[in-house]
Amino acid sequence: MKHRFPSWTQMPKRHWRRFYRCFGIAWLTLLTGLATAWGASKPWDEAEVVGDTAYIQRRDDSGWAIEAHRPATAGVVTAALAPPTGTDAVLIEARLSAATPGSVAFSAHEAGSGYPLGYWQNPLPLEQPTPVAAVLPLSHAVDSLRLFAGVHDQRAAASLSGLRVTFLRRSVHYPTLMYGAIVKPAEPVQQSLTASSDRIGAVVVHLRALGDQEGQTPDLIVRLVAFDGDVAASLNSPPVAQTRISARSIPTGQHGVDSDLAIPLHATVQRGKTYLIEFACAGDSLAAGDRARPVLLWCGPDGYADGRLYRNSQPTDWDLHLEIFEER
């Protein structure tokens with residue numbers, strides 16, 4: 001028997017309704033994803049150059065090059081932005097290069113008065129292009145704010161590109177600098193955590209490299225996976241989010257400082273579900289094998305009720321110095 005398929009014009013109305021519904025959902029999902037990615041960078045695409053404008057130039061890659069030969073302020077500032085309700089922090093991401101310690105500032109200000117709300121400066125020298133991220137906790141809630149990126153009141157040079165902004169709300173804050181968890185090439189460290197929203201925007205840890213010489217610190221691979229109580233099985237599952245932290249962003253003995261490190265995740269998660277965040281040395285780092293020196297993550301006694309620290313896949317009675325920020 002020969003089957004005859006109807007043409008589009010002969011399709012029953014119920015099939016048309018189903019088609020439109022499925023097509024509409026797929027199209028809305030695509031537009032939402034594009035809008036999220038585009039919206040994060042759009043404020044900087046329309047930013048206004050401020051300060052001593054002779055010291056800042058727009059580059060071909062849509063970034064900015066700043067070179068102040070005397071103490072000066074030069075940078076870019078966004079138009080007024082309206083943070084979503086509940087926002088208490090801002091994540092700013094960028095690529096920096098040709099920057100000496102403290103030469104680049106990210107700051108948030110009340111849109112009307114210019115009153116400062118949050119401030120960050122790069123703690124380390126960054127000669128080569130390096131991804132950086134800074135979480136700026138806001139001193140108080142506002143209806144409207146503006147963001148600044150550039151050189152503030154100093155003689156300095158730097159290049160900025162790829163600027164992006166995400167509004168956050170801090171859901172976990174466990175500050176502790178009592179012990180240290182060592183991340184070695186063959187010995188990663190994990191911390192379990194419980195999602196309190198549908199999006200984890202970033203986490204902040206406190207760390208330093210234990211090598212004293214340049215080239216001894218490996219890059220870190222940070223990944224987030226769903227956790228069912230079995231560390232090994234969970235780590236074999238596809239990551240919910242994964243990023244690579246350049247060794248250039250990790251302070252060493254020669255810098256003489258420890259540092260908070262903001263790690264953007266932009267992860268879609270399930271509220272109330274437990275996840276595992278792992279810190280591991282990248283096997284293809286220049287500082288691999290015998291040259292690699294461990295990275296120390298600060299931690300302390302069990303103080304985070306919804307998670308715990310794991311070493312060599314074994315549970316401990318410790319927790320990482322940890323801040324978790326959900327996306328608004």
Side-chain angles (χ1 to χ4, degrees), residues 32-33 35-44 78-94 106-113 115-120 131-149 163-176 191-206 222-227 239-243 245 259-277 298 303-308 319-328:
T32 301
T36 300
W38 178 69
S41 59
K42 184 175 183 292
W44 298 108
T78 67
L81 306 174
T85 302
T87 296
D88 60 13
V90 178
L91 170 65
I92 298 179
E93 299 169 70
F106 297 153
S107 56
H109 305 262
E110 288 184 354
S113 67
Y115 186 87
L117 301 169
Y119 191 82
W120 176 90
V132 299
V135 171
L136 279 59
L138 302 180
S139 60
H140 58 273
V142 291
D143 295 327
S144 181
L145 57 76
R146 304 180 80 182
L147 302 174
F148 170 85
L163 282 157
R164 171 179 175 153
V165 58
T166 307
F167 292 113
L168 306 173
R169 185 182 77 85
R170 183 163 59 188
S171 58
V172 172
H173 183 207
Y174 177 55
T176 177
Q191 169 77 42
S192 61
L193 54 89
T194 302
S196 60
S197 69
D198 300 323
R199 293 276 296 176
I200 296 179
V203 297
V204 175
V205 296
H206 199 80
V222 180
R223 57 177 175 153
L224 184 74
V225 297
F227 185 45
V240 178
Q242 179 169 310
T243 189
I245 305 301
S259 177
D260 277 347
L261 181 67
I263 304 172
L265 293 176
H266 304 296
T268 299
V269 294
Q270 295 181 32
R271 188 187 303 264
K273 187 177 177 64
T274 302
Y275 293 84
L276 198 69
I277 184 168
W298 287 103
Y304 169 46
D306 295 323
R308 69 169 46 178
D319 281 308
L320 285 182
H321 171 105
L322 185 68
E323 291 181 273
I324 304 173
F325 293 87
E326 59 189 54
E327 288 189 15
R328 304 306 295 154

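- Looking at heavy atoms from C-beta onward, Ile200 lies out of side-chain contact with Phe325 at the 4.5 angstrom threshold.
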Test side chain to side chain donor-acceptor pair (under 3.5 Å) on Gln191 and Asp319; report intermediate values, then the result. CA-CA 7 Å; Gln191 169 77 42; Asp319 281 308; 2.9 Å; yes

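- With contacts defined as side-chain heavy-atom distances shorter than 4.5 Å, the pair Glu93/Thr166 qualifies.
- With Thr78 contributing its side chain and Leu147 its backbone, the two residues share a donor-acceptor pair below 3.5 Å.
- A distance of 12.5 Å separates NE2 in His206 from CG in Leu320, rounded to the nearest 0.5 Å.
- Contact record, Ala262 with Val135: CB-CG2, 3.8 Å, taken as the closest heavy-atom pair.
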Between Thr268 and Arg199, is the side chain to side chain donor-acceptor pair (under 3.5 Å) condition met? List the steps. CA-CA 5 Å; Thr268 299; Arg199 293 276 296 176; 2.7 Å; yes

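- Tested against Leu168, the residues Leu91, Val90, Leu138 include a single side chain to side chain contact (heavy atoms under 4.5 Å, CB included) partner, Leu91.
- Closest non-hydrogen pair, Pro175 versus His321, comes out as CA-ND1, 3.6 Å.
- Atom OH of residue Tyr174 and atom OG1 of residue Thr176 lie 4.0 Å apart, to the nearest 0.5 angstrom.
- Listed for the Asp88 side chain is a donor-acceptor partner under 3.5 Å among the backbone atoms of Arg170.
- Between the Thr243 side chain and the Val222 main chain, no donor and acceptor come within less than 3.5 Å of each other.
- Surrounding CG of Asp143 are at most 12 heavy atoms belonging to other residues, nucleotides or ligands under 6.0 Å away.
- Although no hydrogens or angles enter the test, the distance criterion places no donor-acceptor pair under 3.5 Å between the side chain of Thr87 and the main chain of Ala89.
- Taking every heavy atom of both residues into account, Trp44 and Phe148 meet most closely at CH2-C, 4.1 Å.
- Taking both residues in full, the closest heavy atoms of Val269 and Ser197 are given as CG2-O, 3.4 Å, listed atom of the first, atom of the second, then distance.
- Once rounded to the nearest 0.5 Å, the distance linking CD of Gln270 with CG of Asp198 reads 9.0 Å.
- If you run side chain to side chain contact (heavy atoms under 4.5 Å, CB included) between Val205 and each of Ile263, Asp260, Ile245, only Ile263 comes through.
- Screening Leu265, Leu261, Leu224 for a side chain to side chain contact (heavy atoms under 4.5 Å, CB included) involving Val203 leaves a single residue, Leu265.
- Gly86 and Arg169 get closest at one heavy-atom pair: O-CG, 3.3 Å.
- The shortest distance between side-chain heavy atoms of His140 and Tyr115 falls below 4.5 Å.
- No donor-acceptor pair closer than 3.5 Å links the side chain of Arg328 to the backbone N or O of Phe167.
- The line from NE2 of His109 to OG of Ser144 is 13.0 Å long, rounded to the nearest 0.5 Å.
- Residues Leu136 and Tyr119 have side chains not in contact (no heavy-atom distance under 4.5 Å, counting atoms from C-beta outward).
- Separation of atoms CD1 (Ile324) and OH (Tyr275) is listed at 12.0 Å; rounding is to 0.5 Å.
- With contacts defined as side-chain heavy-atom distances shorter than 4.5 Å, the pair Val225/Val240 does not qualify.
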Given the rule in the side chain to side chain donor-acceptor pair (under 3.5 Å) test, do Glu326 and Ser196 qualify, once you have shown the distances and angles that lead to the verdict? CA-CA 8 Å; Glu326 59 189 54; Ser196 60; 3.1 Å; yes

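- Contact of the Ile92 side chain with the Val132 side chain is not registered, since no non-hydrogen atoms from C-beta on lie closer than 4.5 Å.
- With rounding to the nearest 0.5 Å, the separation of NZ in Lys42 from CG in Leu81 is 9.5 Å.
- Relative orientation of the Trp120 and Phe106 rings is parallel, given thresholds of 30° and 60° on the angle between their planes.
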